[in-house]
Amino acid sequence: MATLKWRVKGWKSSKFVRVLQTNAFNQTQQIIRKTTTSSTQIPSQLDLPLHFRVTNLNEASGFYISLIQQSKSAEEIRKIQTHMTNHSFPHLRLGNKLLDAYLRLGSLGYAHQLFDELPQRHVVAWNAMISCYIRQRRSAEAVSLYKRMALEGVCPDDFTLSSILKAFSDLGLVFDGQKAHGKAVVFGLEISNVFVGSALVDMYAKLGKMRNAHLVADRVVEKDVVLFTTLVVGYVQNGEDGKAMQAFYQMISEGVKGNEYTFTSLLVSCGNLKDLCLGNLIHGFIIKCGHEFGISSQTSLLTMYSKCGMVDDSLKVFEHVLNPNLVSWTSLIVGLAQNGREEVALSKFCQMIRSSVIPNCLTLSGALIACSSLAILDQGQQIHTIILKLGLHLDKFIGASLIDFYGRCGCVELAKPVYDSLFNRDLVIVNTLMYAYAQNGFEHETLELFQRMKAMGLEPNDVTLVSVLLACGNAGLVDEGIHIFDTFVGKCNIQITKEHYACMVDIYGRAGRLQEAESLINEVGNPDIVLWRILLTACRLHGDITMVGRILKKVAELSPGDEGSLVLSSNIYAAEGNWSQVIGVKSLIWGNGLKKSPAMSWVSIDGEVHTFMAGDFSHPRFKEIDYIIKELMKKVKEFG
DNA sequence: CCATGAATGC
């Protein structure tokens, strides 16, 4: 026995109702007296005729519908369904309603059972099933239903099309999408129905066909916010931020007002373009339209400000967020970590934990980035513990962040187990470990991993190349480095950056092949100043002063009075005893009013930070430290 | 009776 609470609007206990009972073959009327209404004991086989006197089909349908709508569980719906079936109640509309109720309560099993039992599956029933699968991102099942529907001779309508298109873009089924588009055109829905129009725009955008998306959008007769926003989002996600702004402009010039969705997408563009001016403009629009206290607007605003390098403005926006959620905390923490405000990022991370917001993969990788930059092992390990507790250690972003973090802290032995624990080692994961090896002087391991990449079915990219060249430089493998570099330069999918040139200059330079290093820099269009500094370092290493003057001239063209190069040059001249040149360079330094900014290093021991500066002897244990350093230097010299 | 768009990362 189960209790089903009924509270049906407008029904009184004394009222008599007629339910017209029909089945597929004959229609008979039964007059049933209704005895109770407000709360009724229902046998497991719900037996409505005991309680009802039915006179009118519409009223009975309405009663069933009310029952269905008020049901809180699939079991209740099931009883109503059983009752309807027992009394051969007409199914067409109510069947759809039942189906919809099952789907909303997440009971796909019952829904499917009912769907298969329906004597005639109306297009609405198909739509309800398809849209449910779409909502659950089960695109393949949605598509197979759509195809089955065609086989059963049911024609898709505007609802069907507006749902199913998402599945096509999700699965990359361009051809099916185009066929559906064809149907939309034939039915005239492409231009007359904004739902279909928006869905088409969305599909083409997700398939990367922005030209088609924009063409469809232009054809829709009554354009609304959603249509335009879909278009804007499409441009943003395809990296065409300028076009996104143009679409927005088209939108406001057609008199359509933006909403929070529109502004959040536009702000992503401003961030990508690093266009603070545009960002401020959108900020103005947001205030004007009254969305400034919407949490998504605020989050997007603070992200935009961090991407434009204005972290203080991000912090200001964050202060106005009433109840920061996971996303707003995460955006703030990541923004701070990426803008050199690692300490603040970590303190915000702690605040977030204290306000009992549970971090996710993004938050944790942001916090790890902060720990990486600061190279603080213990705090990062605490975060590692949180990651393990939350069971997020297999996430590839987290994995990469952890490997990178341990690499930067100099603990390759801790990075390797993280790598080993990951199942899917994609290019990024392998690159991260390779870089961890390369920067810690594990040349052999770096190159071995590079060799193994091909067997893993991974195509090396520009990041891989940096690690490989770094390793070759450290291992003194000059010819090997040059060979690998040359084979990569030919490949079209690899962008050679200043980082690679820096590695190559270093490789040549360390090997004493200074001429080749110099001509390589000269080959680079618009060379970075760092390249010349690396060459200067190589000149110092080999005690070669012949090209120092030439280099200084080049540097002066690029960046007059670059203190780093000048200081390096004067050191080279000094080491070779060429004092007149030393004075020449020093006078340049003094003449430009340059001052070498003090170099500082620091180390954190038991939570206390010890800082050291050149010429600073104030540390309480300076003598011990100085002695140990001298001993270490002796040993280093012994080993060459 | 059934359908539209978003903010955070290696």
Side-chain angles (χ1 to χ4, degrees), chain A residues 61 65 68-69 92-101 103-104 122-132 134-135 156-166 189 193-203 205-206 220 224-234 236-237 258-268 271 294-304 306-307 325-335 337-338 359-369 372 395-405 407 426-433 435 463:
Chain A
S61 294
I65 287 174
I68 293 168
Q69 279 172 353
L92 194 73
R93 285 199 167 188
L94 280 170
N96 295 336
K97 198 76 199 168
L98 280 171
L99 191 64
D100 183 48
L103 294 172
R104 268 176 216 295
H122 189 251
V123 64
V124 171
W126 289 99
N127 290 347
M129 293 295 289
I130 289 173
S131 70
C132 178
I134 298 285
R135 270 199 302 274
D157 66 359
D158 44 346
F159 285 84
T160 327
L161 290 175
S162 60
S163 317
I164 196 67
L165 292 169
K166 206 193 270 290
L189 295 168
N193 186 304
V194 261
F195 286 97
V196 175
S198 307
L200 280 168
V201 172
D202 183 58
M203 178 187 74
K206 299 236 162 83
V220 176
D224 67 353
V225 216
V226 178
L227 181 82
F228 275 116
T229 306
T230 312
L231 190 63
V232 169
V233 170
V236 176
Q237 285 175 349
N259 62 17
E260 229 184 318
Y261 286 97
T262 328
F263 293 128
T264 50
S265 314
L266 288 169
L267 285 170
V268 175
I295 184 121
S296 340
S297 303
Q298 290 174 321
T299 307
S300 314
L301 273 171
L302 77 86
T303 311
M304 182 275 292
S306 343
K307 285 202 178 150
N325 63 14
L326 175 60
V327 182
S328 34
W329 276 116
T330 304
S331 302
L332 182 74
I333 291 164
V334 172
Q338 286 174 341
N360 69 2
C361 298
L362 287 81
T363 331
L364 291 162
S365 77
L368 274 175
I369 292 170
S372 290
D395 178 85
K396 65 173 186 170
F397 288 105
I398 289 283
S401 305
L402 278 171
I403 295 169
D404 186 58
F405 162 70
D426 65 5
L427 184 61
V428 178
I429 300 285
V430 177
N431 274 346
T432 313
L433 184 66
Y435 188 69
V463 180

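Quick caveat: nothing in here was measured; it's all calculated off a predicted structure. So that the names make sense, note that chain A is the first sequence line, chain B the second, and so on, each numbered from 1.
- Counting only heavy atoms from C-beta outward, the side chains of I164(A) and P156(A) never approach each other to under 4.5 Å.
- Residue N259(A) is in base contact, counting any heavy-atom pair closer than 4.0 Å across all strands shown.
- Counting any heavy atom pair closer than 4.0 Å across all strands shown, V123(A) reaches no nucleic acid atom.
- Nucleic acid contact for S131(A): sugar-phosphate only, since backbone atoms but no base atoms lie under 4.0 Å from a heavy atom of the residue.
- Across all strands, V226(A) comes closer than 4.0 Å to base atoms (heavy-atom distances).
- Within 4.0 Å of I369(A), counting heavy atoms only, lie sugar-phosphate atoms of the nucleic acid but no base atom.
- Within 4.0 Å (heavy atoms only), D426(A) reaches no atom of the nucleic acid at all.
- Residues forming a side chain to side chain donor-acceptor pair (under 3.5 Å) with Q338(A) (at least two apart in sequence, or on another chain): none.
- In this structure, a donor-acceptor pair under 3.5 Å is absent between the side chains of S198(A) and T230(A).
- Across all strands, E260(A) comes closer than 4.0 Å to no nucleic acid atom at all (heavy-atom distances).
- Between the side chains of D404(A) and T432(A), no donor-acceptor pair is found at a separation under 3.5 Å.
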(request) Applying side chain to side chain donor-acceptor pair (under 3.5 Å), run through T330(A) and T363(A) and close with a yes or a no. (result) CA-CA 5 Å; T330(A) 304; T363(A) 331; 2.9 Å; yes
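- Within 4.0 Å of D100(A), counting heavy atoms only, lie sugar-phosphate atoms of the nucleic acid but no base atom.
- S300(A) comes within 4.0 angstrom of sugar-phosphate atoms only, judged by non-hydrogen atoms across all strands, and of no base.
- A nucleotide of DNA chain B counts as in contact with chain A when one of its atoms lies under 4.0 Å from a heavy atom; the first and last such, 5' to 3', are dC1(B) to dC10(B).
- Among the protein residues, S331(A) comes within range of the sugar-phosphate backbone only, with heavy atoms under 4.0 Å from sugar or phosphate atoms but none that close to a base.
- Paired with L200(A) under the rule side chain to side chain contact (heavy atoms under 4.5 Å, CB included), one option of N193(A), L161(A), L165(A) passes, and it is L165(A).
- Across all strands shown, C361(A) has heavy atoms under 4.0 Å from base atoms, whether or not it also approaches the sugar-phosphate.
- Partners of L103(A) by side chain to side chain contact (heavy atoms under 4.5 Å, CB included), not counting sequence neighbours, listed by chain and number: L99(A), L108(A), A111(A), A128(A), M129(A), C132(A).
- Looking at heavy-atom distances under 4.0 Å, V334(A) makes contact with sugar-phosphate atoms alone, never a base.
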